[in-house]
Amino acid sequence: MQLFLFWCAALLMLVFGVAVILNRNPVASALSLVVSFLGLATLFMMLDAYFIGIIQVLVYAGAVMVLFLFIIMLLDLRAENLRKINWPATAGGAVVAFVFLIQVLSVIGRLTDAKKTFPPLARSTIDDVRNVGVTLFTNFNFPFQVIGVLVLVATIGVVVLSKRELANK
Amino acid sequence: MAIPASRPNLNWRERAFLPAIVSGLFITWRHFVRYIFGRTKVTIQYPEQTRDADLPDYYRGTPALVKDEQGRIRCVACQLCEFICPPRAIKILPGEIPTDDRFAKVEKYPEEFDIDMIRCIYCGMCEEVCPEQAIFLRKDYVVTGFTREEMVHRKDKLLEIGGVMHGVVLKWNDKK
Amino acid sequence: MYSWLILSSLAKIVGILFVVILPMVSYTVYAERRVSAFIQDRPGPNRVGPAGLLQPIADVVKLLIKEDFTPAGVNTFYYWLAPCLAMMPSIITIAVVPFGSTLFDVPMVIADVNIGILWVFAIGSLGVYGIVIGGWASNSKYPFLGGVRSSSQMISYELSLGLAVIPIFMLVGKLRLTDVVRYQIDHGWFIAPFIGDWANPVKWLLAIPMLISFFVFMVAMFAETNRLPFDLPEAEQELAGGYHTEYSSMKFALFFLGEYTAMIAGSAVMVTLFLGGWHFPGIPDGSHGWIFGLTNIVVFFAKVTALLFFFIWVRWTLPRFRYDQLMRLGWLFFFELALVNIFLVAGILACFHV
Ligand code: SF4
Ligand code: SF4
């Protein structure tokens, strides 16, 4: 059952991941990405990492992709549908991707951790929300705060930039 | 020139929305409760209750052709109503009255007279324009049918609805 | 053991979905029509069956046998996909909501995951896709505008929605919804300090931020479910019906019912978070006998119904916001209010060491 579900989710993710780049229609690509995210979230949840999984859905599928879709739909990308395929570029990209795949495989093949099965968890359910929170606010408190400040600065920057744009007009 | 409409200056209480929202909720609640306890009675349960008895005189129901007191169709097929009808609901096929007829001076009579009740908007233009006072909007309002065909009132149907009506203008009479 | 789990889950899913939620959806539509009628001094649909109670059935039959019209130039696949996407998320949301205590020792929640509320938000946030895709695939101006409006509106109000519940989890310390209910049974409902240990003054103090939370959450819920006064994505007067303008027959019905399902799911979440879930003072939980288990379920849905009535009542009272007002309200007022509220609760918790 577990294995079957794993393959379902993994296949879903991969197929729709490929669909993201194969689709000519940008909206279809964006939606494929959403489905791919959902597959990824399922994989996380099967590893009992509910929190990461659901955040994946909440942040990426639920918010970021909605914004993407919003922008794609506002720009009129009809031309994208009609564009000819640039064969040399496609071939070059395929070669790069292939080389990268071989690299990844060889690295994974050399890792010993990848070959052994993990011992079963001590408890079947972990309170991963609490764990994530505790880790964030103790071990990684400083980086966490720095990121917080960075995001704040970025937000203020965006507001300032868009305001100035308005003033110029 | 665009004239900017001045917006009212709201005080802080109005700007907070909430008091207005709450009072609005109370108003709707009052209506709700009043209805629940049967204190509001404005709706007429149509097929069982009707207001046929007290329809006003100016009520505009279905248009219909009328006859005069001698049983003649007053319409002379002048086609003015067909022309004026805004949605083009009226279709008239005029027939000629033979010259040896007693009423030869009238010249035309409606051979066919159709009013498509799907199109009619009950505006009363036909009644207003008719020089012969031959078409009137009666008080009938129940026009039903399962097909489009049924919804077209033919001449006999129109006459049946119309009945007899007295009027001043009578082209059929000799005096004119 | 394993098969028993699957069987009982299946029974719960079928039971809750087909016996409770779906009839509830159709009768919410009926209630909407009746209540709106009463508010406007009309009787509303009262012909089909006694007091019009069979009206939903007539509606469904009508919608099913109506012509399913597909306008020219639509993106067919997405045009078909959108109504399904509109209905599904709100149904899935209900999976994590505890709708009763226990019945024959089976916990009355379909999936008791430890990330309960996050699940609700995550799946709820997927609901916008149905609307956006529907608007986009219709290849028409008004639906498109509706879809665009909806996406920005949902993103804006999701923030307030998320921030509004944080105070609760600061108190409870868990995200699991059954734990939230358990906490409220032990310590009283969040917005009703007179239930539970009412002699505790800190609880009364905490009730203030909880009321603010409830208020923000409810308003955000109105926005999320596209209900008036925030129904800009489907504003009839401006957009001729918005994202579902081009839909007919059962596809339209799915959009329509999806909205009501979202309303029910939202009310269920609200009841669980703020109104004590299935708890009612004086009624023990299901471990004391199945009759109590059943009563708990009834209590839960009674609360949901009360909230639904409120939803309807508000809809037929308020006019619609303008779009800039909506955005300003969301970003400049509710967002800040929810944020300050979190600090307030944190302050109270820190001062009184609760
Ligand atoms: S205007 Fe009067 S007389 Fe002329 S065709 Fe119409 S009904 Fe007949
Ligand atoms: S009432 Fe108006 S619409 Fe109807 S037939 Fe007469 S002119 Fe035409």
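Below, read A as the first sequence line, B as the second, and so on, with proteins coming before strands; counting in each chain starts at 1. Heavy atoms only: backbone and side chains are in, while hydrogens, waters and symmetry mates are out.
Taking every heavy atom of both residues into account, C:D41 and B:V42 meet most closely at O-CG2, 3.4 Å. For the residue pair C:R47 and B:Y46, the shortest heavy atom distance occurs at NH2-N, 4.3 Å.
B:K155 NZ: more than 12 foreign heavy atoms inside a 6.0 Å radius. Atom CE of C:M24 sits in a crowded spot, with more than 12 heavy atoms from other residues, nucleotides or ligands closer than 6.0 Å. By the neighbour-count criterion of 12 heavy atoms within 6.0 Å, atom CZ of C:R328 is sparsely surrounded, having that number or fewer from other residues, nucleotides or ligands. Shown here is B:Y141, whose OH atom has more than 12 heavy atoms of other residues, nucleotides or ligands within 6.0 Å. No more than 12 heavy atoms of other residues, nucleotides or ligands lie within 6.0 Å of CD in B:E128, so this atom counts as exposed by the packing criterion. More than 12 heavy atoms of other residues, nucleotides or ligands shown are found within 6.0 angstrom of CD on C:Q40.
Between C:F38 and B:Y35, the two ring planes are parallel [angle under 30°; tilted spans 30° to 60°].
Of the possible donor and acceptor atoms, none in the side chain of C:W316 sits under 3.5 Å from a partner among the backbone N and O of B:T28.
For chain B, the nearby parts of C:I39 are the backbone and the side chain; heavy atoms of each come within less than 4.5 Å.
Interface check for chain C: of the options B:R30, B:R34, B:Q45, the most heavy-atom pairs under 4.5 Å are formed by B:Q45.
In this structure, the side chains of B:I27 and C:T317 stay at 4.5 Å or more apart for every pair of heavy atoms.
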